[in-house]
Amino acid sequence: MIELRSVSKAYGDRGAVRDLSLSFAEGKTTALIGPSGCGKSTILRLVLGLVRPSAGEVSFDGQTVRLETEQGIRRSIGYVVQEGGLFPHLTAGDNVALMARHLGRAETEIQGRIQELLKLVDLTPDVLSRYPTQLSGGQRQRIGLMRALMLQPKALLLDEPLGALDPMVRAGLQTDLKKIFADLGQTVVLVTHDMGEAAYLADQIVLMRDGEIVQQGTLQDFQERPTSGFVTEFLSAQRGMVAL
Ligand code: ADP
Ligand code: MG
């Protein structure tokens, strides 16, 4: 569904992503994990066509991501960022409906879809009339998820969607996300810095460092067959935070 072939992205002379090849299988959830600055968000931005590779090629559903294709591709992808990325001057409901209205979808169709999505993300309709500042962090992320799913995207990219939430809210949303990913059966790429979360939510984990892939597989692969000392170090650094 999503493929990066020998992709590099440099900012100045610094390589954010270095000669990286990676594919995200249809219907699977993949977690991208690694230290801050290792290039996780850059990978999502490359897929969305928000940044261009310095070398190599990115494709989505058989199409190369470039100027002529990026708008169509972006509409086929749901994107959720850490703070929800909602427009503060629009109500939650208007945030969710914005793109569908822009595309001229019928209001009855939009309202029907919103009702479906409310159930999916477990929110009650009263939140729709609130502005983002009047929602809790967890509610904002659920609205962000509704907005991302509004147009029935082929894939869902989430950039540390739970990063800013307190542990209880985070745990609740993790449980719900797992169910939502299973219900949707979509291709999902989830950026996280939490190995417990990656192992819980993803079929496949990609561990990165300095713009390169260190190892990909399951948590068990990392534990039993680490490909380098960094894998073991990364796991033990996480051990204090989560029960692995
Ligand atoms: P991560 O999401 O893993 O924390 P990023 O993909 O955001 O990492 O960033 C990878 C590297 O690229 C970092 O060193 C970051 O400072 C750099 N970088 C990202 N975006 C830009 C930008 N717009 N301009 C300059 N450097 C950037
Ligand atoms: Mg990031």
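For ligands, and for the atoms within them, numbers begin at 1 and follow the listed sequence. FYI, the numbering just counts along the sequence from 1.
In terms of protein heavy-atom proximity, atom 17 (C) of ligand 1 is closest to Tyr11 CD1, 3.9 Å. The nearest protein atom to atom 7 (O) of ligand 1, hydrogens excluded, is given as Ser41 CB, 3.7 Å; this is a heavy-atom distance. Closest to atom 4 (O) of ligand 1, if we only count protein heavy atoms, is Gly37 N, 2.7 Å.
The number of heavy-atom neighbours closer than 6.0 Å to CD of Gln71, taken from other residues, nucleotides and ligands shown, is 12 or below.
Among the atoms of Ser41, an N, O or S atom falls under 2.8 Å of the Mg ion (ligand 2).
At least one heavy atom of Arg14 sits under 4.0 Å from some atom of ligand 1.
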Test Thr124 against Asp126 for side-chain hydrogen bond (donor to acceptor under 3.5 Å, both in side chains), laying out the working first. CA-CA 6 Å; Thr124 49; Asp126 58 294; 2.5 Å; yes
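Residues Arg101 and Glu107 are paired through a salt bridge, judged by an N-O separation under 4.0 Å between the basic side chain and the carboxylate. Classification of Asp61 and Lys154 as a salt-bridged pair holds, one side-chain N sitting under 4.0 Å from a carboxylate O. Electrostatic pairing of Glu197 and Arg170 counts as a salt bridge here, judged by a charged N lying under 4.0 Å from a carboxylate O. Using a cutoff of 4.0 Å between basic side-chain nitrogens and carboxylate oxygens, Glu3 and Arg5 are scored as salt-bridged. A salt bridge does not link Arg209 to Glu233: none of the charged side-chain nitrogens sits closer than 4.0 Å to a carboxylate oxygen.
Within the 4.0 Å cut-off (strictly below), a protein heavy atom is located near atom 2 (O) of ligand 1. Proximity of atom 21 (C) of ligand 1 to the protein is indicated by at least one non-hydrogen atom lying closer than 4.0 angstrom.
Considering both main-chain and side-chain atoms, Cys38 comes within under 3.5 Å of ligand 1 through a nitrogen or oxygen pair.
Using modelled atom types, no side-chain atom of Lys9 and backbone atom of Leu46 make a donor-acceptor pair closer than 3.5 Å.
For ligand 1, the atoms closer than 4.0 angstrom to any heavy atom of Ala16 are 10 (C), 11 (C), 12 (O). Taking a cut-off of under 4.0 Å to the non-hydrogen atoms of Thr42, the atoms of ligand 1 that pass are 5 (P), 6 (O), 9 (O), 10 (C). Short contacts between ligand 1 and Ser36, defined as distances under 4.0 Å to a heavy atom of the residue, involve ligand atoms 4 (O).
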